[in-house]
Each structure stands twice: as structure tokens, then as C-alpha cells.
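Worksheet: one structure, shown below.
Note that ligands are numbered from 1 as they come in the structure, with each ligand's atoms numbered from 1 the same way.
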Amino acid sequence: VRVTTLCGSLGAASANTAALSVAADYLHDQGRADTSAFEGLHDVPPFRADQVDDPPAAVRRLQADLEQSDGLLVGAPEYAGGLAGLAKNALDWLVGSASLYHMPVGVLSAGTTGGEYAIEQMVRTLSWQGALVVAVLGIEAPVTKMDEAGSFVDVGTVEAIHAWAAQVVAAFADDAAGRLVRVSDIVTPYGIDPARFGDLT
Ligand SMILES: Cc1cc2nc3c(=O)[nH]c(=O)nc-3n(C[C@H](O)[C@H](O)[C@H](O)COP(=O)(O)O)c2cc1C
């Protein structure tokens, strides 16, 4: 099982990167999945619909990475009540390639107020391209839960990140009905009709 992690922050001391690291270490240590972080987001240019059939190299790398993965863990900041543009831009490039179609995805946002709007927008835009968001997590006031080196040390937060990552990996073993239940539990509260995902077999 292979899982890609994608962080929508380029910050040197990013709380979202730190949260994804906790998840990756957990999946690795538990023998649940091999993880690899996609590092090339800063090279992904602004989305252009007229280039989707021949996308830039960084986009091709992202698509190839995802196409070799069973799942995706995305962490991104919320800025001014919305999803960080870098993350939305990267996700827009994936619509045409269908790289995320029916892929189990976990979404988190670490930010002052817990990133609820960033999470909602990730759930929506991922669902619109057929990805199956099966776990969401908001981390409020992340700096209060990290040590001076920028690692999460708050036990409750670390456990919540572990549980979030475990939910995504658990979806790999589900049959179609199980996956539908899992994704429905997440997307229905956002007013998204799970029927849009079609046949999950
Ligand atoms: C311009 C700006 C706007 C922000 N707006 C929000 C917001 O609307 N909601 C929120 O939860 N956090 C907000 N934050 C806080 C960031 O989400 C927080 O700094 C987060 O840690 C950034 O992610 P990173 O540490 O992964 O880079 C904002 C930060 C900045 C710089």
C-alpha cells in the first residue's frame, strides 16, 4: 500500500507539514503503508485549462506520483477563511487527468481556528473530481501543540492524527459498500450527494 502526502504550505516551519509527518511516521511504523511526500508543489504553475492535455513537468510528476498511489493525505492551511490557493491550484490540475478518481483521501488543516473552511473547500473540490474523502481533521492553534522544534507533542493531537491516517488506510480494505458508507459519513454533512461517486466497485 502506497500513500502520497501533499502539503499546501511552503512554510519552513509548517504546522501542516508537521501534521502530515506525524501521519506518515505512524503509517510507516505500524507497517500500514509506505508513504512519500510530494515535494514539488512550488514548481506547479498557475492552472491553465488549455494545457491540461500537455501539462507542465511538475504537474506530470504529481499525476505520476498519484497514479502509483493507493491513497492521498492532504494538509493545507486556511488563509482568510478559505483554502490556501497553492493547494486549490494543484488540485485543479488533477481534474483532467482523473488521478484522484475514486481514491481514498484524508484532508486536514492546521491553523488558528482549525481551518474549517479550508477543510470544507478541500472536501468539495476533491469530491467534484471523484476523490473519496474518508477522513477530515482540523487542528486548532497548532503552535500551542508543538514543541520549539516544530513537532507535534500534544498527545491528543498526535492521537487524532494517527486516527485520521488510520481511517484512510482502513478504506483500502473496504468493499464498495463499505467505502460508500465511509465517504457518505464525511461528505453528506457538507451537502454533497454521495450518488455523485457512482459505482465504487
Ligand atoms: C494571511 C493569513 C490568513 C490566515 N487566515 C486564517 C484563517 O482564516 N483561518 C485559520 O484557521 N487560520 C488562518 N491563518 C493561520 C494559518 O492557517 C496558520 O498560520 C497555519 O499554521 C499556516 O499553515 P502552515 O503552518 O502549515 O504554514 C492565517 C494566516 C495568515 C498568514
Distance-only, no hydrogens or angles: does the W128 side chain make a donor-acceptor pair with backbone N or O of V123 under 3.5 Å?
-> no
Does the N or O separation between S9 and ligand 1 drop below 3.5 Å for any pair?
-> yes
Pick from G150, A110, A18, A15: the one approaching atom 20 (C) of ligand 1 most closely through a non-hydrogen atom = A110
With side chains defined as the heavy atoms from C-beta onward, is the minimum distance between Q129 and L91 less than 4.5 Å?
-> yes
Would you call R2 and D65 a salt bridge, using N to O less than 4.0 angstrom?
-> yes
Residue N16 vicinity, atoms of ligand 1 by number, heavy atom under 4.0 Å = 23 (O), 24 (P), 26 (O)
For T113, take its heavy atoms, then give the atoms of ligand 1 lying under 4.0 Å from any of them.
-> 9 (N), 10 (C), 11 (O)
Counting distance only, does the side-chain N/O of E67 pair as donor-acceptor with the main-chain N or O of S99 below 3.5 Å?
-> no
Hey, mind stepping through K88 and D92 against salt bridge (Lys or Arg N to Asp or Glu O under 4.0 Å) and telling me if it holds?
-> CA-CA 6 Å; K88 178 67 166 73; D92 288 346; 2.7 Å; yes
For atom 18 (C) of ligand 1, what's the nearest protein heavy atom and its distance?
-> G111 CA, 4.1 Å
Which residue supplies the protein heavy atom nearest to atom 14 (N) of ligand 1, what is that atom called, and how far is it?
-> E78 O, 3.4 Å
Which atoms of ligand 1 sit under 4.0 Å from any heavy atom of G115?
-> 11 (O)
Tell me, please, whether W93 has R48 positioned over its six-membered ring: NZ or CZ under 6.0 Å from the ring centre and within 45 degrees of its axis?
-> no
Is the closest heavy-atom distance from P77 to ligand 1 below 4.0 Å?
-> yes
Protein contact to atom 30 (C) of ligand 1 [nearest heavy atom, distance to 0.1 Å] | Y79 CD2, 3.6 Å
Check the pair E140 / T112 against side-chain contact (heavy atoms from CB on, under 4.5 Å), numbers first and verdict last.
-> CA-CA 5 Å; E140 271 180 42; T112 313; over 6 Å; no
Is at least one protein non-hydrogen atom found at under 4.0 angstrom from atom 8 (O) of ligand 1?
-> yes
Do any N or O atoms from the side chain of Q167 and from the backbone of A135 form a donor-acceptor pair under 3.5 angstrom?
-> no
Which ligand 1 atoms does G114 reach within 4.0 Å, using its non-hydrogen atoms?
-> 11 (O)
Which bit of A80 gets closer than 4.0 Å to ligand 1, counting heavy atoms only: side chain, backbone, both or neither?
-> backbone
Correct closest heavy-atom pair for P56 and Q51 would be CG-OE1, 3.9 Å
How far is atom 15 (C) of ligand 1 from its nearest protein heavy atom, and which residue and atom name does that atom have?
-> T112 OG1, 3.2 Å
Atoms in ligand 1 flagged as close to G81, the criterion being non-hydrogen separation under 4.0 Å | 7 (C), 8 (O)
min-distance protein heavy atom vs atom 26 (O) of ligand 1 -> S14 OG, 2.5 Å
Any nitrogen or oxygen of T17, main chain or side chain, under 3.5 Å from a nitrogen or oxygen of ligand 1?
-> no
For the residue pair F38 and R61, what are the closest heavy atoms and their distance?
-> CE1-C, 3.9 Å
